[in-house]
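Quick note on labels: first sequence line is chain A, next is B, and so on, each numbered from 1. Values reported hereafter were calculated over all heavy atoms of this structure, with side chains retained and with hydrogens, waters and symmetry mates removed.
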Number of protein chains: 2
Amino acid sequence: MVVVKMTEGVEWALHCCLDLAWAGDTPVPAARLAAHHGLPPAYLTKQLQALGRAGIVRSTPGPRGGYLLDRPPHTVTLMDVVAAVDGTDPAFRCTEIRADGPHTTRCAIDTAMARADLAWRRELAARTLADLDADVRRADPDAPATTRARLT
Amino acid sequence: MVVVKMTEGVEWALHCCLDLAWAGDTPVPAARLAAHHGLPPAYLTKQLQALGRAGIVRSTPGPRGGYLLDRPPHTVTLMDVVAAVDGTDPAFRCTEIRADGPHTTRCAIDTAMARADLAWRRELAARTLADLDADVRRADPDAPATTRARLT
DNA sequence: ATAAATCTGGATATGTGATGTCCAGGATTC
DNA sequence: GAATCCTGGACATCACATATCCAGATTTAT
């Protein structure tokens, strides 16, 4: 059992969420987002659909359609995005099944790993898209406007 | 790119470390450890060798040989074991390479992820084999002695 | 109405890395 | 010298992230 903490798809999804936050209420087609990041459109689509199912993003079909951020940036945590894309995988589960009788208590290793996993999630849940936006503006105040111009 | 992950090998390595702590100064052959957990011996060997290279475990060849824990349990953190088995992988690296000039500052997403990863590692570094031992004894005071008897 | 743009969701291919196996060599004990 | 056990590399296998494709549905624009 490999406990995967994060896939590349999360990184893309986060960048796109930030892009959509900057794009405001102008829908951005998946193809444009993909081109902006130099990503394969067909795969990015999957991440966007996952974000849609999680209620983070909304889509409108047809010409002038595309994706919109469906919640205020300060209400979308990084954990929300990770959960949407990588799934809300069960945390570390110790696979040990010793033949020493019924396990009444949880394996100590399992508990320790779950604690570390929780610390990781807590950190991700403590930061939102608005925080990322603030970080970017601090380093490069023009980035949001530039991105918006490129995407809309 | 899968960023941070944990392999099944870590779980096995941790169990074996605890087993060796209980076995005291009696060497335990890899084959016996594997049988005790119902694991493929040839693969467990790899984890044990990794632990050896990290200085967590020591081995003696020949009859009556096997593996020994090479450090006091309270000096071996879970992070040590994870690093030994899964490698000290570089933390999350944002792969984004936009064509908008040289990146002087680190990507905001990268920073946020690194922070979460650090929280995870810190939690693992805060717990040692001795802590696990204490947890197990609290739940089942006989477990260490039982395991020791089975392995030596 | 018709055409164009865009999303939806499933089927499927590809590639990487974890998992698992095997073997020839060397060290140690008896 | 024989048996036990570790070492390290080469190799096979398998799961899953990554990537692609396509037939349908939905909306906008003319």
message: What verdict does the side chain to side chain contact (heavy atoms under 4.5 Å, CB included) test give for A:Met113 and B:Leu14, after you've listed the backbone C-alpha separation in whole Å, the side-chain angles of each residue and the deciding distance to 0.1 Å?
response: CA-CA 11 Å; A:Met113 289 304 171; B:Leu14 277 173; 3.3 Å; yes
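- The stretch residues 42-67 of chain A participates, sequence neighbours left out, in these ring-ring contact (aromatic ring centres under 6.0 Å, His included) pairs: A:Trp12-A:Tyr43.
- Note on residues 31-41 of chain B: no pairs pass salt bridge (Lys or Arg N to Asp or Glu O under 4.0 Å), not counting sequence neighbours.
- Scanning for side-chain hydrogen bond (donor to acceptor under 3.5 Å, both in side chains) contacts around A:Arg71 gives A:Asp80, with sequence neighbours left out.
- Within the nucleic acid shown, A:Ala31 has no heavy atom closer than 4.0 Å to any nucleic acid atom.
- Distance B:Tyr43 OH to C:dC22 P: 16 Å, rounded to the nearest Å.
- Atom CG of A:Leu68 and atom P of C:dT6 are 13 Å apart (whole Å).
- Nearest nucleotide to the A:Pro40 side chain, out of C:dT21, D:dA19, D:dC6: D:dA19.
- D:dT18 atom P lies 11 Å from atom CE of A:Met6, rounded to whole Å.
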For nucleotides 8-15 of chain C, give me every protein contact, N/O to N/O, under 3.5 Å, one pair per line with atom names.
from: C:dT8; atom 1: OP1; to: A:Ser59; atom 2: OG; distance (Å): 2.7
from: C:dT8; atom 1: OP2; to: A:Tyr67; atom 2: OH; distance (Å): 2.6
from: C:dG10; atom 1: O6; to: A:Lys46; atom 2: NZ; distance (Å): 3.0

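- We find that CG of A:Leu151 is positioned 13 Å from P of C:dT6, with the value rounded to whole Å.
- One atom, CG of B:Leu44, and another, P of D:dC5, lie 15 Å apart when rounded to the nearest Å.
- Judged as a salt bridge (charged side-chain N to carboxylate O under 4.0 Å, His left out), and not counting sequence neighbours, the contacts of B:Arg127 are B:Asp135.
- A:Leu20 has its side chain out of reach of A:Leu68: every pair of non-hydrogen atoms, C-beta onward, lies at least 4.5 Å apart.
- Across the protein-nucleic acid pair, A:Gln47 atom CD and C:dC7 atom P stand 15 Å apart, rounded to whole Å.
- Residues forming a side-chain contact (heavy atoms from CB on, under 4.5 Å) with B:Pro72 (at least two apart in sequence, or on another chain): B:His74, B:Thr75.
- Applying the salt bridge (charged side-chain N to carboxylate O under 4.0 Å, His left out) test to A:Arg148 and every residue at least two apart in sequence or in another chain returns nothing.
- Atom CZ in B:Arg58 sits roughly 17 Å away from atom C1' in D:dT7 (whole-Å rounding).
- For the pair A:Val10 and B:Gly65, both in contact range of DNA chain D, the more 5′-proximal nearest nucleotide belongs to B:Gly65.
- Taking atom CG on A:Asp86 and atom C1' on D:dA17, their separation rounds to 10 Å, with Å as the unit.
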message: What does the B/S/- profile of nucleotides 25-30 of chain C look like, 5' to 3', with a 4.0 Å heavy-atom cutoff to protein?
response: --BBB-
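- Across all strands, A:Gly52 comes closer than 4.0 Å to no nucleic acid atom at all (heavy-atom distances).
- Not a single salt bridge (charged side-chain N to carboxylate O under 4.0 Å, His left out) links B:Arg53 to another residue, sequence neighbours left out.
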